[in-house]
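Note sheet for the following structure.
Letters go in sequence order (proteins before strands), and every chain restarts at 1.
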Protein chains: 2
Amino acid sequence: MTRKPSYSSPPVDSVDPKAVLEVCLCHGVRRASRAITRTFDAALAPSGLTSGQFGILAAVAALQSMPVPVLRGVLAMDRTSLNRTLKPMEVNGLVAIVPGAGRRASQVEITPEGLQAFREAGPLWRAAQSDAAERLGTARIGQLIAGLDVATGLFDQ
Amino acid sequence: MTRKPSYSSPPVDSVDPKAVLEVCLCHGVRRASRAITRTFDAALAPSGLTSGQFGILAAVAALQSMPVPVLRGVLAMDRTSLNRTLKPMEVNGLVAIVPGAGRRASQVEITPEGLQAFREAGPLWRAAQSDAAERLGTARIGQLIAGLDVATGLFDQ
DNA sequence: CAAATAATGATGTATATGCATCATTATGAC
DNA sequence: GTCATAATGATGCATATACATCATTATTTG
């Protein structure tokens with residue numbers, strides 16, 4: 001018998017929706033990011049900082065002061081998104097954005113209030129992170145963070 | 001000589017900002033999510049779908065139709081956030097939200113247009129995913145996705 | 001069945017995130 | 001020094017994400 005061409009069936013290169021849910025790196029990381037962010041946001045809430053703001057403060061606190069483009073690299077964040085995110089933090093006095101002396105790019109500096117907020121949030125973060133390590137196991141959380149770091153490096157830009 | 005109490009030095013339980021950048025699960029997953037999302041969004045752009053919309057279509061396509069709360073669970077997304085996200089997709093004709101017959105919750109259904117959009121985006125997604133697997137290596141990407149899945153399960157709710 | 005409790009949907013508010021774009025400024029090439 | 005190129009900052013637009021809250025509707029208990 002002759003084989004009928006099945007124009008209505010999926011082409012051989014069609015994508016199985018279930019496979020996307022199971023193996024898509026983007027879907028997986030976004031889903032985890034939502035769940036984890038909710039947990040950390042709740043843990044940090046008493047400090048008045050969001051998880052994103054806490055991370056930014058950590059980066060700026062680590063170096064005291066840095067050019068905005070450098071911070072962009074550290075956070076793997078879009079240029080304009082970072083500027084937007086820094087706005088409310090500047091308004092709230094957590095950071096200061098000072099025009100680069102001479103001809104350099106603007107510097108982001110942590111303010112005393114920002115440092116104070118970071119220090120106050122520290123124990124809250126530590127508790128959340130410890131809880132995460134306990135849930136995942138130290139081996140698994142280490143492996144996970146290492147994998148995320150590699151992925152960030154490979155995909156940023 | 002007597003040891004002076006150093007009230008101005010950091011308390012023993014203070015948090016090192018550099019440590020936060022290196023080990024914080026939340027910071028790590030958010031940063032990776034940004035970088036990876038940018039890449040997948042760019043890859044899917046020709047289809048008119050965002051990475052988030054593609055993931056939602058995959059979930060709905062996998063089951064044809066499902067109650068909104070079930071979809072919320074699949075995506076590990078906040079209840080109200082999901083409703084908001086579905087709005088433009090409904091407006092664009094990608095999904096239909098039909099009131100549950102009788103007394104059940106609303107069902108999300110994929111429309112023919114939605115299925116068409118998903119199929120068209122399929123090859124774009126496959127290319128992005130293959131590229132990701134190539135960059136990370138099949139072993140590492142598998143391990144990473146597995147870890148993200150576990151974390152999602154542990155933190156969701 | 002009625003009351004208490006839980007689930008759901010809708011909105012207001014706020015941060016988060018990125019693309020496209022425009023204007024300005026810095027940097028390099030010549 | 002001038003011109004081309006690149007980097008930076010600012011905006012408009014759009015999606016993404018979540019909390020708090022209110023109203024409505026199920027569900028469960030008594």
Original post:
Any side-chain N or O of B:Ser81 under 4.0 Å from OP1/OP2 of D:dA18?
Top reply: yes

**OP:** Carefully, step by step, assess A:Arg34 and B:Asp156 under the rule salt bridge (Lys or Arg N to Asp or Glu O under 4.0 Å).
**Re:** CA-CA 8 Å; A:Arg34 285 191 292 263; B:Asp156 191 24; over 6 Å; no

Rounded to the nearest Å, what distance is computed from the [atom1] atom of residue [X] to the [atom2] atom of nucleotide [N]?
X: A:Ile36; N: D:dA18; atom1: CD1; atom2: P; answer: 12 Å
X: A:Ile56; N: C:dT15; atom1: CD1; atom2: C1'; answer: 11 Å
X: A:Asp78; N: C:dA20; atom1: CG; atom2: P; answer: 10 Å
X: B:Leu82; N: D:dT15; atom1: CG; atom2: P; answer: 15 Å
X: A:Phe40; N: D:dT17; atom1: CZ; atom2: P; answer: 18 Å
X: B:Leu57; N: D:dA16; atom1: CG; atom2: P; answer: 11 Å
X: A:Met89; N: C:dA14; atom1: CE; atom2: C1'; answer: 15 Å
X: B:Leu49; N: D:dA14; atom1: CG; atom2: C1'; answer: 15 Å

**OP:** Select from B:Asn92 and A:Lys87 the residue whose nearest nucleotide in DNA chain D is closer to the 5' end of that strand.
**Re:** A:Lys87

Original post:
Mapping B:Pro88 and A:Asn83 onto DNA chain D by nearest heavy atom, which one lands closer to the 5' end?
Top reply: A:Asn83

**OP:** Please check if any side-chain donor atom of A:Asp41 sits under 3.5 Å from a side-chain acceptor atom of A:Ser51, or the reverse.
**Re:** yes

Original post:
Is A:Thr50 touching bases, backbone alone, or none of the nucleic acid, heavy atoms closer than 4.0 Å?
Top reply: sugar-phosphate

Original post:
At under 4.0 Å between heavy atoms, what does A:Arg84 touch on the DNA or RNA strands: base, sugar-phosphate, or nothing?
Top reply: base

Original post:
On a plain distance test, is the side chain of A:Arg72 in donor-acceptor contact with the base of D:dG9 below 3.5 Å?
Top reply: no

**OP:** Answer yes or no: side-chain N or O of B:Arg79 and base N or O of C:dG9 forming a donor-acceptor pair under 3.5 Å.
**Re:** yes

**OP:** Please list, chain by chain and in numerical order, all residues satisfying side-chain contact (heavy atoms from CB on, under 4.5 Å) with B:Ala43, sequence neighbours excluded.
**Re:** B:Ala128

Subject >> Closest-nucleotide ordering on DNA chain C, the 5'-leading residue of A:Gly52 and A:Thr80 >> reply: A:Gly52

Compile the donor-acceptor pairs under 3.5 Å between side chains in residues 137-155 of chain B and protein atoms, sequence neighbours left out, one pair per line.
from     : atom 1 : to       : atom 2 : distance (Å)
B:Asp149 : OD1    : A:Arg31  : NH2    : 2.6
B:Thr152 : OG1    : B:Leu148 : O      : 2.8

Original post:
Is A:Gln129 reaching over with its side chain to a backbone N or O of B:Leu25, donor-acceptor style, under 3.5 angstrom?
Top reply: yes

Subject >> Given A:Leu94, A:Leu86, A:Val74, the one that forms side chain to side chain contact (heavy atoms under 4.5 Å, CB included) with A:Ile56 >> reply: A:Leu86

**OP:** Check every atom of D:dA18, D:dA16, C:dT8 against the side chain of B:Pro69 and return the nucleotide holding the closest atom.
**Re:** C:dT8

Original post:
If you check the B:Arg38 side chain, which of D:dA16, C:dA16, C:dC19 turns out closest?
Top reply: C:dC19

**OP:** For A:Glu109 and A:Val98, work out which heavy atoms get closest and say how close.
**Re:** OE2-CG2, 3.6 Å

Original post:
Could you give the angle between the helix axes at the two ends of the helix from C:dC1-D:dG30 to C:dC30-D:dG1, with five pairs per end, rounded to 10 degrees?
Top reply: 30°

Original post:
Do other residues, nucleotides or ligands put more than 12 heavy atoms under 6.0 Å from the CD atom of B:Glu134?
Top reply: no

